[in-house]
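All of these numbers come straight from a predicted model, not from anything done at the bench. Lettering follows sequence order; numbering is per chain, from 1.
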Amino acid sequence: MLIDHLLSVVTFAPLIGAAIILLIKGDEAVVARNSRAVALFVSVAVFLLSLVLWFNFNKSSADFQFTEKVEWMPALGLTYHMGVDGISVLFVLLATFLTPICILSSFGAVEKRVKEYMVAFLVLETMMVGMFAALDIVLFYIFFEGVLIPMFIIIGVWGGARRVYAAFKMFLYTFAGSVLMLLAILAMYFEAGTTDIPTLLGYVFNPDMQFWLWLAFFASFAVKLPMWPVHTWLPDAHVEAPTAGSVILAGVLLKMGAYGFLRFSVPMLPEATEYFTPLVYALSVVAIIYTSLVALVQEDMKKLIAYSSVAHMGYVSIGIFTLTQQGVEGAIYQMLGHGIVSGALFLCVGVVYDRMHTREISKYGGVADRMPRYALMFMVFMMASVGLPGTAGFIGEFLVLVGVFQVNTFVALLAASAMVFGAAYMLWLFRKVVFSALTSEEVRKLGDLSVREKVIFAPLIVLTIWMGVYPVSFLDFMAPSVENLITNYNAAIAASDAAPMFAQLFGQ
Amino acid sequence: MTFAELSMALPEIVLACAAMLLLMLGVYKSGNTTPMVSGLAVASLVVVFLMVISGGYPAGTGFNDLFVVDDFSSFMKLIILIAAAVGILMTTRFIQREGMNRFEIPVLMLLATLGMMIMVSANDLMTLYIGLELQSLALYVIAAIRRETLKSTEAGLKYFVLGALSSGMLLYGSSLVYGFTGATNFDAIARAIVAATSGETTASIGLVLGLVFVVAAVAFKISAVPFHMWTPDVYEGAPTPVTAFFASAPKVAAMALFIRLLAEPFGDLVNEWQQIIVFVSIASMALGSLGAIMQKNIKRMMAYSSIGHVGYALVGVAAGSAAGIQAVAVYLTIYIFMNMGVFACILSMRQQGEMMENIEDLKGLSKTSPAMALALVLFMFSMAGVPPLAGFFGKYMVFAAAIDANLYGLAVIGVLTSVIAAFYYLRIIKIMYFDEPVAAMDANGGEIKAVMVVSSAFVLFYWLFATPIINGASQAAAALFAAG
């Protein structure tokens with residue numbers, strides 16, 4: 001019974017929690033305490049429920065599992081269709097895993113309007129999970145865009161000094177890309193006569209149409225990913241967002257763009273994908289090198305990590321478009337690893353920010369003297385971000401490079417060389433903040449991690465090491481689906497006469 | 001004239017009698033009659049609504065084909081009646097409080113509603129004109145009802161002068177159409193056009209000229225660019241509940257009339273009018289979204305917003321298909337609810353007994369009146385077209401119709417203007433949620449709260465109960481295309 005509707009329950013249970021929180025009344029302290037408790041309870045419960053997905057998922061199948069299908073708006077051809085395959089199931093788990101951590105991490109950090117904050121986070125969780133689980137393309141769009149509402153509010157209300165600018169930029173950039181995707185979705189609907197994703201995956205669009213559809217999808221996913229040169233909203237959003245907002249943004253929302261490539265652009269529009277692959281490589285390589293260099297000169301800790309996110313997502317887009325088993329698996333793995341590690345790094349920044357209320361790198365120095373446990377933990381995540389073997393970051397980057405090396409050695413060379421920059425800026429950040437001489441009086445007063453903070457970081461450390469040491473337990477989930485994706489893609493390319501069509505279109 | 005024909009117009013007849021009776025009541029009864037007249041006016045609208053929704057009267061054409069009752073007219077009448085009832089409901093307390101306690105206002109609103117119903121049911125250029133004038137004359141008066149204030153007088157006068165101009169254009173266009181087709185009846189015009197254009201590739205230039213004049217005149221009424229100039233001034237100058245009324249029911253009626261005109265008598269001239277509609281639609285969307293950005297007065301902003309929304313609705317009209325008309329019908333339904341909700345919020349903007357109209361007065365509303373702020377946030381996101389709120393589904397349907405009709409350019413421009421429009425809707429949210437409060441708003445009356453709650457519930461839960469609305473709109477569109 002429950003297992004039949006598991007995805008719906010996981011998706012909408014946070015909304016019920018949000019509704020309960022809205023009903024809490026009383027004076028401010030009581031409301032704050034109760035909303036925190038309810039939000040934490042609901043999000044942990046949702047995570048535990050979603051673990052059923054982990055244990056009951058059939059890892060040998062590439063099909064959609066846990067599917068649910070209900071008539072929704074028959075007049076518009078829309079169905080409520082949910083389900084997960086090997087690509088999306090881990091993202092659902094990532095979202096349900098990070099939400100309770102975010103909620104717990106804001107217990108000390110968010111003091112004003114706690115009730116609204118918790119409501120926004122639970123609504124956000126519904127949207128994120130729904131987006132990864134949706135199997136109707138319009139339903140997907142609704143969740144994809146719906147994310148903007150809570151995120152706009154989270155950045156705008158609980159953000160830093162330039163929060164209004166950052167919130168508007170985030171919203172308008174994403175919205176502008178997405179509305180073009182909506183038109184592409186509509187065009188696909190009228191062409192194929194359905195909005196059902198599994199059916200669309202089997203439909204062959206003609207190459208001329210694929211060209212425009214691909215560009216429209218790209219407009220949306222490239223902003224969301226984000227790819228150079230439309231990445232500029234991300235550093236602003238990250239810097240101004242509250243810690244938990246940054247964690248969710250880096251941990252889950254950035255994955256939505258790449259997930260879109262994997263779910264729509266590549267399998268539905270294979271010929272256009274082949275045609276545009278050099279463009280994606282070029283933009284990704286520029287992103288990796290350019291943003292790594294930009295990260296080297298940042299003065300704000302969060303901004304540095306934000307730029308490093310853009311660079312890491314560059315590996316993801318390269319990996320996806322290699323369309324090799326290693327490359328795509330590496331891209332997905334990189335996303336999961338980055339979700340955990342960059343989320344953890346933002347939390348690390350949050351820990352010292354909560355104590356010192358500044359993110360300026362130069363204000364710190366010698367933190368290791370006062371917070372040895374914190375320094376150790378920060379180091380683990382920093383190394384994982386750099387891609388040290390034995391951590392989550394290594395597996396993803398390594399697989400991506402293996403994949404791309406088979407396809408294009410030049411891109412592989414450029415991407416691999418940029419890993420050095422990654423090591424450079426992260427080590428520089430670590431040295432400046434954690435080591436170097438203890439000069440600041442404020443740093444001298446710092447206390448080490450509290451119990452709450454240890455509880456937050458413990459699962460993240462475990463996962464980082466687990467993912468680095470024994471990646472098979474995650475790769476097993478995705479292998480059949482990725483294989484299926486690549487087989488279908490190659491079959492579509494082989495079957496098509498795409499090359500002459502595009503030559504016709506642009507040859508003149 | 002038979003009894004069957006009379007009973008076709010039963011809802012209109014009931015409404016006309018109610019308006020006249022209420023006028024008598026207001027004149028002869030002593031004391032403050034406004035609450036009673038308003039209450040009875042709403043009650044009569046409810047009765048008429050039930051009559052229309054039950055469909056307990058014959059459909060078809062009557063009165064020598066001057067008048068038509070079909071699924072399309074019924075659907076539009078239902079929206080108009082809801083909008084009118086809510087409009088009167090929101091007016092009552094306001095006019096008593098703000099020193100313009102006149103029982104004539106609800107009566108005039110009833111008469112305007114009657115005019116709108118006739119517009120929707122018009123099947124002849126003459127009926128159309130009569131309905132339009134009845135509506136307009138009533139509206140001119142209520143725009144200027146606060147005759148001691150400069151702004152209200154200005155609003156009334158502007159509305160009247162420009163409205164009279166558009167009526168003149170309508171008459172001139174109608175006479176040209178009559179001259180070139182020999183008929184004023186919609187069906188006869190359609191037949192004459194088919195006969196005249198069969199074998200020829202282009203319609204006669206005189207007929208097209210007539211069409212252009214008629215289209216321009218109706219574009220005035222729906223305040224589509226470039227015939228929109230009166231809108232911001234009239235919206236700002238008229239008393240707020242009157243503005244709420246202006247922005248809803250008459251828009252629906254004029255849009256319905258527009259659709260019937262284009263689909264039925266001029267259905268065969270689709271190639272001629274489609275380009276006009278595409279232009280008007282793009283211009284309205286662009287000007288609506290750009291013009292609103294700089295506004296400081298929330299009523300002026302809503303005027304530009306309504307211009308933009310008319311542009312989006314016209315996207316569906318431009319598609320020229322049953323799917324397009326269906327989309328417009330749904331869009332208008334959703335628009336009415338959003339619009340009523342926003343105006344209920346504007347009517348609640350009162351500090352120490354004084355009405356506030358500046359957007360800045362909403363500062364920090366999320367702290368002083370969280371419920372109202374939440375409702376307004378829902379309306380703003382919905383108007384911007386962010387899913388899962390109702391406004392998204394309206395936009396989804398009109399753009400779907402445009403894509404289906406291969407109007408890709410229109411669709412792309414449309415969605416891009418919606419991004420620009422999102423900016424000023426977000427600005428309201430920013431002011432309410434991100435800024436610090438200055439002063440708290442006064443508590444407001446029960447009926448305003450009710451409108452707010454109902455509208456926000458509609459906007460929030462539209463996705464749950466959309467199917468009956470979409471199906472109703474589908475029948476409405478089918479009626480138009482079956483007849484034409």
Task: Qualifying residues under ring pair (Phe, Tyr, Trp, His ring centres under 6.0 Å), relative to A:Y203, sequence neighbours excluded - done: A:F205

Open item on the list: Taking ring pair (Phe, Tyr, Trp, His ring centres under 6.0 Å) as the definition, give me every residue that meets it alongside A:F168, ordered by chain and number, with sequence neighbours left out.
Closed with: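 With neighbours one apart ignored, the set is A:F152, B:F423.
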
Task: Closest-packed option against chain B by number of heavy-atom pairs under 4.5 Å, given A:L22, A:V164, A:L148 - done: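 Among the listed options, the one with the most contacts to chain B is A:V164.
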
Atom group of [X] that falls short of 4.5 Å from chain A, counting heavy atoms:
{"X": "B:I470", "result": "side chain"}
{"X": "B:I420", "result": "neither"}
{"X": "B:A384", "result": "backbone"}

When rounded to the nearest 0.5 angstrom, what distance separates [atom1] in [X] from [atom2] in [Y]?
{"X": "A:L183", "Y": "B:F399", "atom1": "CG", "atom2": "CZ", "result": "7.0 Å"}
{"X": "B:L426", "Y": "A:F171", "atom1": "CG", "atom2": "CZ", "result": "4.5 Å"}
{"X": "A:I155", "Y": "B:F434", "atom1": "CD1", "atom2": "CZ", "result": "8.5 Å"}
{"X": "B:L389", "Y": "A:I142", "atom1": "CG", "atom2": "CD1", "result": "10.0 Å"}

Heavy-atom cut-off 4.5 Å, strictly under: side chain, backbone, both or neither for [X] against chain B?
{"X": "A:F175", "value": "both"}
{"X": "A:A167", "value": "side chain"}
{"X": "A:I185", "value": "neither"}

Listing needed: what donor-acceptor pairs below 3.5 Å join chain A with chain B?
residue: A:W72; atom: NE1; partner: B:W463; partner atom: O; Å: 3.0
residue: A:R113; atom: NH1; partner: B:Y433; partner atom: O; Å: 3.3
residue: A:R113; atom: NH2; partner: B:S366; partner atom: OG; Å: 2.2
residue: A:R163; atom: NH2; partner: B:F434; partner atom: O; Å: 2.7

Task: Of all pairs that satisfy salt bridge (charged side-chain N to carboxylate O under 4.0 Å, His left out), the ones with a partner from residues 413-422 of chain B, not counting sequence neighbours - done: none

TODO: Compare every heavy atom of B:A422 with every heavy atom of A:L172, then report the nearest pair and how far apart it is.
DONE: CD2-CB, 4.2 Å

Task: Heavy-atom closest contact (A:I153 atom, B:I429 atom, distance) - done: CD1-CG2, 4.1 Å

- [ ] Evaluate the side-chain contact (heavy atoms from CB on, under 4.5 Å) criterion for residues A:V179 and B:V412: first the C-alpha distance (whole Å), next the side-chain angles of each, then the deciding distance (0.1 Å), finally the verdict.
- [x] CA-CA 9 Å; A:V179 290; B:V412 170; over 6 Å; no

